[in-house]
Protein chains: 2
Amino acid sequence: MDRAVSRAFSLLESLASASEPLRLIEVAQLAGLQKSTAHRLLGTLVELGYVRQEASGRYGATLRTWEFGARTVAQLPIKRIAAGFIHGLHRTIGETVSLTLLSGLDVIYLDKLIAPRPVQFRTSVGSRVPALFTASGKAMLSRRPDGVELARQSAELHGLDIAAVSAELDEARSRGYAISSYSPGVLSIGVAVEAGSAAAEAGLSVSAPSEHLVGADRDAVIGALLEAGARMSEALAQP
Amino acid sequence: MDRAVSRAFSLLESLASASEPLRLIEVAQLAGLQKSTAHRLLGTLVELGYVRQEASGRYGATLRTWEFGARTVAQLPIKRIAAGFIHGLHRTIGETVSLTLLSGLDVIYLDKLIAPRPVQFRTSVGSRVPALFTASGKAMLSRRPDGVELARQSAELHGLDIAAVSAELDEARSRGYAISSYSPGVLSIGVAVEAGSAAAEAGLSVSAPSEHLVGADRDAVIGALLEAGARMSEALAQP
DNA sequence: TCCACCGTTCCGTCTGCCGGAACGCCGTTC
DNA sequence: GAACGGCGTTCCGGCAGACGGAACGGTGGA
């Protein structure tokens, strides 16, 4: 385990998580390093273009990591294939549509098409949220063989009622979709997408103010989601 | 300059740029490393969660870098403030709207709201394109004191006619917007946004099939862009 | 003006990185 | 089926260079 490498990434993550450029000492403390060591490593990162030192001497992350991270994401087959379905759903439903990926016990928001409205969604593309808190996350877990075990771990971690979670997953499995209302006033409906052999499971979800998702409207959304999910699974099954 | 750190990033970038997981030897060659060194560094990166080794033994970049890169981007004031304007433009115009940032001689696509149509735009979020090839890039260069010098360098680099480029920038400066038709059949109109003291210059652009941007429609788009650019500059000027 | 804090630089120590070499595994060839 | 080549992985001696304590100079605040 190369120590310098590990430390450099630790510094970079500290900078990336900060909302503003940090002083040397602050970064050093965040990463648990001596200031001379932090100073040298930051110098290396600056030289490599991942960190920028502004006039005040403070250090900040550049967009370099994001740039090549975006390259990784853009090359995911899921992302490319999903684009059309996301647009289609957004056009017919008119609500916020999200594409997610299961990563451990969490869900990562891969892409998002936001319905322009005053309601602020707190999850932005790239963010990571416990799977059980999201509709698509529960839909994905309900489909996986080890889903119950993962759900158990996650429920324990976040202090959720394991029996209730388990029942919810059962229901999601039989219906083919899951519902979540983690943010007050906002309802999400999510389905799982078979992402083929290569990649992990993917999820598709629609989020909207609760009052938009009742009665026939809700049924329409569910229908559209199930349809899109099924057709996307087909598209991903192609070589 | 910590050698191991530099090498680790080189490996990671090689993996991120690859369209599929790579074998050890391939990554080692791409990064110019001995296979034992590459093997050890990749092991470190796997341990840190930036690289994943699949069952076949091949190595691939995970979404970890993208995740924290996305955190960096999400914290940019420009990105947050621009979101509303991008949506507004998209709604009134109905075409693809992009948010860009000037980075050296290039433009980075920070965000994008795509008009659903068969035309495939080749630039995705996170990609980097020479500023002179884009409408917003030219608009931004036309506003900067050192814009002419930067344009000269870029023109030389890409074999463009310096006099023509210079004239175009002059025109953009006096009109307040720039036009580009780099991709055949696609026309873009871009304006610069004063991004305040802290960050670099930002750009806003609308791209559409050429035939959509003629006559009164074009004037409407230009008007909306200038309006949005001005109001966004105001918003960014607030502390 | 003084003081405290911080960024930067320096340098002796020795850690832990480096890479050549060896081993074992697999797929291929004859 | 045996020999072979290519690759992934492991090992280890040598030493480059990472490490961090200490010192210095600059800066902002009291």
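Below, read A as the first sequence line, B as the second, and so on, with proteins coming before strands; counting in each chain starts at 1.
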**OP:** Check whether the ring centres of B:F9 and A:F9 lie less than 6.0 Å apart, and answer yes or no.
**Re:** yes
Original post:
Atom CD of B:Q34 to atom C1' of D:dC11: distance rounded to whole Å?
Top reply: 16 Å
Original post:
Is the CZ atom of A:R231 crowded by more than 12 outside heavy atoms at less than 6.0 Å?
Top reply: no
**OP:** Figure out the CG/C1' separation between B:L41 and D:dG8, and round it to whole Å.
**Re:** 16 Å
Original post:
A:Q53 near the nucleic acid: base, sugar-phosphate alone, or nothing, with a heavy-atom cut-off under 4.0 Å?
Top reply: sugar-phosphate
**OP:** Ignoring backbone atoms, establish whether A:T37 has a side-chain N or O less than 4.0 Å from OP1 or OP2 of D:dG20.
**Re:** yes
Original post:
Would you say C:dC17 has OP1 or OP2 under 4.0 Å from some side-chain N or O of A:R3?
Top reply: no
Original post:
Looking across every strand, which nucleic acid part, if any, lies under 4.0 Å from B:L24 by heavy atom: base, sugar-phosphate, or nothing?
Top reply: base
Subject >> For atom CD of A:Q29 and atom C1' of D:dG20, their distance in whole Å >> reply: 16 Å
Original post:
Has A:Y59 got a side-chain N or O lying under 4.0 Å from the OP1 or OP2 atom of C:dC6?
Top reply: no
Original post:
Atom CD1 of A:I25 to atom P of D:dT27: distance rounded to whole Å?
Top reply: 17 Å
Original post:
Is the closest side-chain donor-acceptor distance between A:T100 and A:S136 under 3.5 Å?
Top reply: yes
Subject >> DNA chain C: 5'-proximal contact among A:A4 and A:L22 (nearest heavy atom) >> reply: A:L22
Original post:
Tell me: CG of A:D2 to P of C:dC18, nearest whole Å?
Top reply: 6 Å
Original post:
Is any NZ, NE, NH1 or NH2 atom of the basic residue among B:R143 and B:E194 found under 4.0 Å from an Asp or Glu carboxylate oxygen of the other?
Top reply: yes
Original post:
Closer than 4.0 Å, any side-chain N/O of B:R23 to the OP1 or OP2 of D:dG8?
Top reply: yes
Subject >> Donor on one side chain, acceptor on other, A:S17 and B:R71, under 3.5 Å >> reply: yes
Original post:
Between atom CE in B:M1 and atom C1' in D:dC19, what is the gap in whole Å?
Top reply: 18 Å
**OP:** May I ask you to evaluate whether B:R7 reaches the phosphate of C:dG19, defined as a side-chain N or O under 4.0 Å from OP1 or OP2?
**Re:** yes
Original post:
Checking only heavy atoms, does the side chain of A:K35 share a donor-acceptor pair with the base of C:dG7 at less than 3.5 Å?
Top reply: yes
Subject >> N/O (side chain, B:H39) to phosphate O (OP1/OP2, D:dT9) under 4.0 Å >> reply: yes
**OP:** Determine the contact category for A:R58: base if any of its heavy atoms lies under 4.0 Å from a base atom, sugar-phosphate if only primed atoms, P, OP1 or OP2 are that close, otherwise nothing.
**Re:** nothing
**OP:** Rounded off to whole Å, could you give me the CG-to-C1' distance for the B:L33 and D:dG8 pair?
**Re:** 16 Å
Original post:
How long is the line joining CZ of B:R40 and C1' of D:dG8, in whole Å?
Top reply: 15 Å
